2 protein chains.
Amino acid sequence: MKIGDVAKATGLSIKSIRYYHDIGLVQAERGDNGYREYNSSQLEALQFVQHCRELGFSIEECKDLLQLKHDPQRCASDVKRLASEHLKVLEQRMASLADLHAELSELVNQCHGGDSPDCPIIEGLSGKSCCHH
Amino acid sequence: MKIGDVAKATGLSIKSIRYYHDIGLVQAERGDNGYREYNSSQLEALQFVQHCRELGFSIEECKDLLQLKHDPQRCASDVKRLASEHLKVLEQRMASLADLHAELSELVNQCHGGDSPDCPIIEGLSGKSCCHH
DNA sequence: CTTGACTCTCCAGTTACTGGAGACTTTAAC
DNA sequence: GTTAAAGTCTCCAGTAACTGGAGAGTCAAG
């Protein structure tokens, strides 16, 4: 299977697949012409990686998960721990985004939005320090 | 005021301040020794930028906001529009993070976590395609 | 035989910085 | 007066995870 087919099958871009090859995440064999040649297990690995990336795992985490996937000695608790840690990160990001959103939307709500230069948003952003933490 | 003092006053790192100088966001004068010399209006601008960055605005957005801040002809509606657009971005990010979180936590919940290699998380990540979109 | 599609490598750019090297200046202590 | 520490300067490289593009080779169809 050549890289273009793999791209279609996985939904990854050709560039990404080459990148994953370069960093050693999922490496292909080479044909006589130098083209990358992917077999079904490499295809599966790339699909796996793509799902992990979709769920917000970093490349490093994908590497770890891929290793666990291919390790018949793995224990489910290891996988669960990794995933749970990632869940925590997601939760932290969500919380801090929610904070930002609350703060900014308060400023936006205070702003009447007319033609005058008088604007509580600018004033809020100019404020010496922020009271929310 | 020298760069170290500005760093202490604003909470920005020296590196960031120099970076902002380099990209023309907030530029300082130079003393005879070549040191950057910041006056109070530049300090204020940097504080403004720091608040904007804390609220998740990009450098480009900071540039725009800074211009609005220093424009006596500005209208509040322009500021409000910029901020509202940013709010929308924040909302999109929050929504997609929530999606990720839901999907991953479902997988994690399905996993008993014991010593066996049998793991629904790995299986879920290996799955051919994702049903949630 | 040529055209178009596909692949290759290598380089640069993205965002918003951070870290470090090597050199200079200023400040404080002795 | 000297010296050591702290502060500042510039420049280069690296981060994460790619994307875009140049220039060249390869393959299949008409």
Side-chain angles (χ1 to χ4, degrees), chain A residues 1-39 42-43 45-66 86 89-90 93 96-97 100, chain B residues 1-39 42-43 45-66 86 89-90 93 96-97 100:
Chain A
M1 213 173 174
K2 275 177 298 175
I3 198 168
D5 304 323
V6 176
K8 268 168 211 151
T10 58
L12 293 164
S13 74
I14 291 182
K15 286 282 191 179
S16 297
I17 299 170
R18 278 205 271 256
Y19 176 69
Y20 294 159
H21 178 109
D22 288 347
I23 63 173
L25 185 60
V26 178
Q27 272 165 337
E29 313 295 319
R30 298 290 188 146
D32 292 346
N33 47 16
Y35 287 12
R36 290 171 184 83
E37 191 58 43
Y38 289 88
N39 62 30
Q42 289 156 345
L43 175 65
L46 283 169
Q47 274 162 342
F48 182 83
V49 166
Q50 198 233 4
H51 291 321
C52 295
R53 296 286 302 129
E54 271 180 2
L55 287 181
F57 286 97
S58 72
I59 295 284
E60 272 313 301
E61 288 170 323
C62 289
K63 231 173 215 169
D64 295 344
L65 287 167
L66 211 44
H86 184 58
V89 172
L90 290 183
R93 274 189 224 162
S96 80
L97 265 184
L100 301 192
Chain B
M1 214 172 173
K2 274 176 299 175
I3 200 169
D5 303 324
V6 176
K8 269 168 209 151
T10 58
L12 292 164
S13 73
I14 290 181
K15 288 281 191 178
S16 297
I17 299 170
R18 278 204 272 255
Y19 176 69
Y20 294 158
H21 178 108
D22 289 346
I23 63 173
L25 186 61
V26 178
Q27 272 166 337
E29 314 294 319
R30 298 287 188 150
D32 293 346
N33 48 15
Y35 287 12
R36 290 171 184 82
E37 192 58 43
Y38 289 87
N39 63 28
Q42 290 156 344
L43 176 66
L46 283 170
Q47 274 161 343
F48 181 82
V49 166
Q50 198 234 2
H51 290 142
C52 295
R53 295 286 300 130
E54 273 180 0
L55 287 182
F57 286 97
S58 71
I59 295 284
E60 270 316 299
E61 288 170 323
C62 289
K63 229 172 216 168
D64 295 343
L65 287 167
L66 211 45
H86 185 58
V89 173
L90 291 184
R93 272 187 225 165
S96 78
L97 266 185
L100 301 193

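The analysis underlying the following values was restricted to heavy atoms, covering all of them including side chains, and did not include hydrogens, waters or symmetry mates. Each chain gets a letter, A, B and so on, in the order the sequences are listed, and its residues count up from 1. Because the structure is a prediction, the values reported are computed rather than measured.
Considering only side-chain N and O atoms, A/Asn33 lies under 4.0 angstrom from the phosphate OP1 or OP2 of D/dC27. A close approach under 4.0 Å does not occur between any side-chain nitrogen or oxygen of A/Tyr20 and OP1 or OP2 of D/dA17. Between A/Ser13 and D/dT19, a side-chain N or O to OP1/OP2 separation shorter than 4.0 Å is present. Between B/Ser16 and C/dT18 there is a side-chain polar atom (N or O) within less than 4.0 angstrom of OP1 or OP2. In this structure, B/Arg36 reaches the D/dT10 phosphate: one of its side-chain N or O atoms is under 4.0 Å from OP1 or OP2. At least one side-chain nitrogen or oxygen of B/Arg18 sits closer than 4.0 Å to the OP1 or OP2 atom of D/dC9. Under 4.0 angstrom from either OP1 or OP2 of D/dA16 there lies no side-chain N or O belonging to A/Ser58.
Judged by atom type and distance alone, B/Lys15 reaches the base of C/dG19 through a side-chain donor-acceptor pair under 3.5 Å.
Of all non-hydrogen atoms in A/Ala9 and A/Met1, the two that sit nearest each other are CB-CE, 4.0 Å. In terms of heavy atoms, A/Cys52 sits closest to A/Leu65 at SG-CD1, 3.8 Å. Heavy-atom minimum distance, B/Leu66 versus B/Leu25: CD2-O, 3.7 Å. Taking both residues in full, the closest heavy atoms of B/Gln27 and B/Gln42 are given as O-NE2, 3.0 Å, listed atom of the first, atom of the second, then distance. Contact record, A/Tyr20 with A/Ile59: CE2-CD1, 3.4 Å, taken as the closest heavy-atom pair.
Both A/Asp32 and B/Arg30 sit near DNA chain D, but only B/Arg30 has its closest nucleotide nearer the 5' end. Summary of the strand contacts: B/Lys2 and B/Ile59 both lie near DNA chain C, and taking for each the nucleotide with the nearest heavy atom, the more 5' one is attributed to B/Ile59.
The side chain of A/Tyr35 sits closest to D/dT26 out of D/dT26, D/dT8, C/dA16.
B/Glu60 has its CD atom 17 Å from the P atom of C/dG13, to the nearest Å. Between the NZ atom of A/Lys63 and the P atom of D/dA17 there is a distance of 10 Å, rounded to whole Å. Summarising the geometry, the separation between NZ on B/Lys8 and P on D/dA6 is reported as 12 Å, rounded to the nearest angstrom. If you measure from atom CG of B/Asp5 to atom P of C/dT26, you get 15 Å, rounded to the nearest angstrom. Counting to the nearest Å, the P atom of D/dA17 and the CG atom of A/Leu55 are 15 Å from each other. Rounded to whole Å, the distance from CG on A/Asp22 to P on D/dA16 is 16 Å. Rounded to whole Å, atom P of D/dA16 lies 8 Å from atom OH of A/Tyr19. Counting to the nearest Å, the C1' atom of D/dT19 and the CZ atom of A/Arg53 are 14 Å from each other.
Counting any heavy atom pair closer than 4.0 Å across all strands shown, B/Ile14 reaches sugar-phosphate atoms only and no base atom. Nucleic acid contact for A/Ile3: sugar-phosphate only, since backbone atoms but no base atoms lie under 4.0 Å from a heavy atom of the residue.
Note that the CG atom of B/Leu46 and the NE2 atom of B/His21 stand 11.0 Å from one another [nearest 0.5 Å].
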